[in-house]
Each structure stands twice: as C-alpha cells, then as structure tokens.
Amino acid sequence: MPQHLSHIIILSRALLLFFFMALSFQALCATTENDTLTITQRGSDISYTSDTLCEKFNPKQLIVPGIFMVSGLAGAIDYNNSLNRSVNDAFTDLSDGHKCKIDDYLRFLPSASHLLLGSVGVKSKHNFKERFLISATSHAAMLIMGYGSKYLIHEQRPDLSNNHSFPSGHVALAFTGAELLRQEYGTAYGIAGYTIATSVAFLRLYNNKHWFNDVLMGAGIGILSARIGYWLLPLNRKLFKISNKKPQSSTVAVTPTYNVVDKAMGVSVYAVF
C-alpha cells in the first residue's frame, strides 16, 4: 500500500474516533440537570452565560464541518484530481503570477475580534475570561487537528515550495475565528467573520499555496474547532474555577505596530482580567 494512502486511512480512523467521542460527550450532556442563566455587566462587557455542563451541544452541529472535512479528505487521497487541477488552473490564470500577501494578516482578524469586541461595548454571550478560555481551547484544537494533519499527510503545495499543503492553516485559523464570532455575537458579526475567512481561502488559492481540497479541510477544521471551544467551556470553568456570579472588571488595550525595516505589521494586546 502506498505510504500516502496509508496516512489517509490513519487520519480517517482518527476522524471516526473523534466523532464517536463527540457523540459520547453528547450523551454525557443529556444527563445534566443543572441549567441556570446568569446575566453580568462588567463595565462595558455585558455577558449572558449558562451553567450547564455542555453549551448547546447537538450532534447536528457536526454535519457542516463534517461535510467540509470529508470533502477535503477525499481530495487529499488524490490531490491531482480533475477538480483540484481545474480550480488551480483557474486561479493561476486569474493571478497571472501576481501575489497578494494580505491573507498572512487577515487570518488573525476574526479571532482577535472575538476576544476584543465584547470589551469595547458590543454585547457578548460571555465575559472576557470565558472568551479567552473558549478561544484558547478552540485554537488548541485547531492546531492539533490542522498541523497534525500537515505532518501526517505530506501533501505537496501547488507551487512546490514544501509538502505541508494539507490542510490550509491560514483557512483553519480564519474559519475558527469566524465561527467564534458567529456564536458569540450573532449572525451579523458571523457574516462579517465568514466573509473575511472566505477571502483568506480565496487568497490562498490565488497565491498558489493550496489545492481546493486543502481549503475545504481547513474550513471544516476551523468550524469544528470553534464549536469544541464552546462545548468545553463549562468544563473549563470548573477546571479554572471561574464563577459567573461575581462581577469583575477587565481592561484591554490594543496597539497596532509597524516595523519599517522589515515592513511587517503587528498588534500588541495588553489585558488585565
């Protein structure tokens, strides 16, 4: 059996194991009786939180990311298939050799917005501490699934720069932030986040850094990772002993930076909570 195909089989089994664990987790949630709602205002940070063991977990939430991931995985079996090739050829003609590197920075925007919007007066479902835990858990899951797959599959990029094409880490990060925005702030902010995430996916194809199946898998991993962050929040509250009943103040300062020598942009975040 070719080594590439054996890696695909290993990853497929890992995904099946994850879905089985997710369904088991749902069964645990169904046994929980404690369900209270706490509304807290902390300066400009207004949050609405629930003390249930599992927040709004439903097996149906696995469908959308599952479709993306299965579609991406199918393409990884043969990334030289006609769909990947036709999409790549179309974007090669569109770009005509030009590159647009804004996706290197744009990918961080949805995740940063999820953390900071609630602290500048936008109504959020959770306070800053909880948003931080949700974000940390989500991005940890994204890194494990995304970069674990990169080093397992070894798919060659269309520009032949390396063998870490599958899945797209840029897209996974952007879609993680987009789904975090949607769940935390509602549909309007979610649309904005997904618009940015889709733009990142477009640019990864435009810059000839990924095959079409790479961005599909990245999108699925991102959406699933964000949902994992919310599903595990109640357990993280218990682990880190966070109470929703005692108002606390939080201070967040964001300072954009620009390095003239390296021509690099960045952002500094100072938070006290």
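Because the structure is predicted, anything quoted here is derived from the model rather than measured.
Residues meeting the side-chain contact (heavy atoms from CB on, under 4.5 Å) test with L109, sequence neighbours left out: L106, S113, I196. Listed by chain and number, the residues in a side-chain contact (heavy atoms from CB on, under 4.5 Å) with L143 are Y147 (sequence neighbours excluded). Residues that satisfy the side-chain contact (heavy atoms from CB on, under 4.5 Å) test with L94, not counting sequence neighbours, are F91, F202, Y206. Judged as a side-chain contact (heavy atoms from CB on, under 4.5 Å), and not counting sequence neighbours, the contacts of I63 are K60, I67. In terms of the side chain to side chain donor-acceptor pair (under 3.5 Å) criterion, S138 has no residue partners (sequence neighbours excluded).
Residues F212 and N88 are not in side-chain contact: their nearest non-hydrogen atoms beyond the backbone lie 4.5 Å or more apart. Residues I153 and M217 have side chains not in contact (no heavy-atom distance under 4.5 Å, counting atoms from C-beta outward). Proximity of R131 to F128: side-chain heavy atoms (C-beta onward) are separated by under 4.5 Å at one or more points. Between L235 and L239, every side-chain heavy-atom pair lies at or beyond the 4.5 Å cut-off. You'll find the side chain of S111 reaches within 4.5 Å of the side chain of L173, heavy atoms only. A heavy-atom distance below 4.5 Å is found between the side chains of Q61 and W231. By the 4.5 Å heavy-atom criterion applied to side chains, I134 and L180 are counted as neighbours.
Among residue pairs with one or both ends in residues 158-181, those qualifying as salt bridge (charged side-chain N to carboxylate O under 4.0 Å, His left out) are D159-K209, E179-R182, E179-R227; sequence neighbours excluded.
Interatomic distance, CG of D214 versus CG of N84, reported as 7.0 Å (0.5 Å rounding).
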Practice item. Take N208 and S95, measure what side-chain hydrogen bond (donor to acceptor under 3.5 Å, both in side chains) needs, and give me the verdict at the end. Key: CA-CA 9 Å; N208 202 32; S95 65; over 6 Å; no
Point to revise | side-chain hydrogen bond (donor to acceptor under 3.5 Å, both in side chains) assessment of S135 paired with H114 | key: CA-CA 8 Å; S135 181; H114 166 258; 4.5 Å; no
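Side chain of R157 to main chain of N162: no donor-acceptor pair is present (N/O by atom type, distance under 3.5 Å, no hydrogens or angles).
Aromatic ring pairs are classed by plane angle as parallel below 30°, tilted from 30° to 60° and perpendicular above 60°; the pair F175 and Y194 is perpendicular.
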